[in-house]
Amino acid sequence: MTSDALENLSHEDRSFPPPAEFAAAANAGVDLYARAADDRLGFWADQAREFVSWDTPFTEVLDWSNPPFAKWFADGQLNLGYNCVDRHVEAGNGDRVAIHWVGEPEGDTRTITYADLQREVNQCANALTELGVVKGDRVAIYLPMIPEAVVAMLACARLGAPHSVVFGGFSAEALRSRIADAEATTVITADGGYRRGGPSGLKPIVDQALATSADTIRNVLVVRRTNQPVNWTEGRDHWWHDFVGRQSGDHTYTPNDAEDTLFILYTSGTTGKPKGIEHTSGGYLTQAAYTFNAVMDIKPDSDVYWCTADVGWVTGHSYIVYGPLANGATQVMYEGTPDTPHRGRIWEIVARYGVTILYTAPTLIRTMMKWGADIPGGYDLSSLRLLGSVGEPINPEAWMWYRRVIGGDACPIVDTWWQTETGGIMISPLPGVTATKPGSAQMAVPGISVDVIDDAGKSVPDGSGGYLVLTEPWPGMLRTIWGDDERFVDTYWSRFPGMYFAGDGAKKDNDGDLWLLGRVDDVMNISGHRISTTEVESALVAHPWVAEAAVVGASDEMTGQGIVAFVILRGDAEPDDDTVTVLRNHVASQIGPIAKPRQILLVKELPKTRSGKIMRRLLRDVAEHREIGDVTTLADSGVMDLIRTGLDGG
Ligand code: WT7
């Protein structure tokens, strides 16, 4: 038996220092670490003054007198709409493009400058006011990836009306329960959006959600996007183009308190009831804007930034809306899927707009690996200078592929760890400072304090694994779970007193760099060794035949749990009878015999959530020959059938 909370199995020697020109011009230098370590709160106060415009300057940085309920910059006042839009126009940058919007149908594009954005946000704020929305009212936003989603969020921010963005792929029941939990008064939606080559309706889903007990809703504002026929409830439903379109483009904002709620964003918990993660204004914007500057190295005059997330996730909130717009950045926003109308769509857009900074998810990178390097190889990607990754551990081989095929071996990669709950990036290299290691998020960004601890709450030494915790409050932290302080305390602050428990496993390598090892619920226990699914998956993906792998622990009479791997081969791999044996031995040779999978199943698809995370729970059901459990959050419901039939048939 071992006493380690988590085994440290894999080993990585590769390391890539930043290119000299990149380092010379980088926004963030190595001095930030020392400044933050010397005086953490003073450092955050500096960031709050540098990146945020205040109507009333704050005098107090942090109030931590009632932990874990934090207040940051509490006596300061500001307006996030002003910070993200108006001040750039005032500074003479009204003509700068804020959003190069690309619809899924080819040729369907819009260019929105900061001056355009100001007019549209003001019109929307006036429209919401006419609909009776006042400060503190919750507004549900259920939209496709169209500019109106950004406009609606900023209009809410301007009014101090917390938005609750619900991802457009969620069902009527998911929408209904979120509207009910937040007691929203207004829904902003569209007739539909374009996905996978055709229009897909949203308004009917809203109608369905509102038909079943969502009686707090007074008004529904509907963007016309697809021209699909819609049912209309007179008095409740209003077309955006009429109602917003006829409003004045001027709007005078009222400053909000730093601790006024900016938004609620629901994230799935272990129990069925979604958690409404509540974020406030001043601290959140400070962290989003500062990290966007330091980690994404934005140069607003010359960069074209693109984050491929949906505004329905926190990545879209912090790194499409608030972080980039507070910095006055120019960005691409894309409505559709990566393979519509062809598998080169992402790279075509990068080339067309000269994207310089690309921020995406490992699931997209692995999909691109599966489709083959020829596809991005057909486009000019030389404009790219920085690549980012978020959402899951990125396996070293996927990282290397991203660096070589997409980045032309020239772009730093920032692997950014954070959560809906943290509001902004917490762990990441600084692109002009850190010598990056494939697969490691490496270290806390300046101002953030993290540790890896064992079951007893003790910091583990370098070379060991354990639980990731945040040891000091941070400006962008969630303030509570909407309406449920007790659940907030229980979920995040109870397991290790005085520390925020993130729910992730991590290890420190021999240099003290951090490696994220996935959710602790995904840890396997093999003969008393606690092994992370991530490490075994990375070993599999390191084999040239493998595009993607998902590993689960299935109960095993001999060993407690046995390792079962589901593997997708690359397009050009030619499997034979020995493939599985070769791959099992490969894992054993990469990370040790203890991690050799008991079973490897070759599959065509893996079950994923709509944000791209693998649903290991469902794979455990397969591996343990159980009925498959709740699939409501599965992105593609056919996948489990495909996996099952594939297995039964061979
Ligand atoms: C969970 C949070 C952060 C915005 C998108 C996801 C995993 C996130 C990384 C990374 C390893 C990562 C963690 C975390 N995660 N980024 N760079 N390396 N794991 O937000 O849906 O709240 O999920 O995503 O497990 O706890 P989220």
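Just follow the structure's listing: the first ligand is 1, and inside any ligand the first atom is 1.
Checking Lys613, Arg519, Gln419 against atom 6 (C) of ligand 1, the nearest heavy atom belongs to Lys613. Proximity annotation for atom 16 (N) of ligand 1: of Gly518, Gly391, Gly503, Gly391 comes nearest, heavy atoms only.
Seen from the ring of Phe170, Arg178 counts as a face-on cation partner, given the 6.0 Å and 45° thresholds. At least one cation-pi condition fails for Arg479 and Phe69: the charged atom is not both under 6.0 angstrom from the six-membered ring centre and inside a 45 degree cone around its axis.
Using a 4.0 Å cut-off between a side-chain N of Lys or Arg and a carboxylate O of Asp or Glu, Lys437 and Asp511 qualify as a salt bridge. With respect to Glu537 and Arg616, a salt bridge is recorded, a charged nitrogen being found less than 4.0 Å from a carboxylate O. Between Asp339 and Arg345 no salt bridge is recorded (no basic side-chain N to carboxylate O distance below 4.0 Å). Salt bridge status for Glu7 with Arg530: absent, with no side-chain N to carboxylate O gap under 4.0 Å.
Heavy-atom proximity to Thr416, at under 4.0 Å, picks out these atoms of ligand 1: 9 (C), 10 (C), 16 (N), 17 (N). If you number the atoms of ligand 1 from 1 as listed, the ones under 4.0 Å from a heavy atom of Thr315 come out as 4 (C), 5 (C). Counting the atoms of ligand 1 from 1 in the order shown, those under 4.0 Å from a heavy atom of Leu516 are 11 (C), 18 (N).
The shortest contact between atom 14 (C) of ligand 1 and any protein heavy atom is with Asp504 OD2, 3.3 Å. In this structure, atom 27 (P) of ligand 1 lies nearest to the protein heavy atom Thr420 OG1, 3.5 Å. For atom 10 (C) of ligand 1, the nearest protein heavy atom (residue, atom name, distance) is Glu392 O, 3.4 Å. Looking only at protein heavy atoms, the nearest one to atom 11 (C) of ligand 1 is Pro393 N, 3.0 Å.
Evaluated for a ring pair (Phe, Tyr, Trp, His ring centres under 6.0 Å) with Phe292, the options Tyr305, Phe51, Tyr322 yield exactly one hit, Tyr305. Screening Leu478, Val314, Ile277 against Thr267 for a side chain to side chain contact (heavy atoms under 4.5 Å, CB included) leaves a single residue, Ile277.
Contact annotation: Thr267 has no heavy atom less than 4.0 Å from any atom of ligand 1. Ligand 1 lies within reach of Trp418, whose nearest heavy atom is under 4.0 Å from it.
Polar contact check, Val314 against ligand 1: no nitrogen or oxygen pair lies under 3.5 Å apart.
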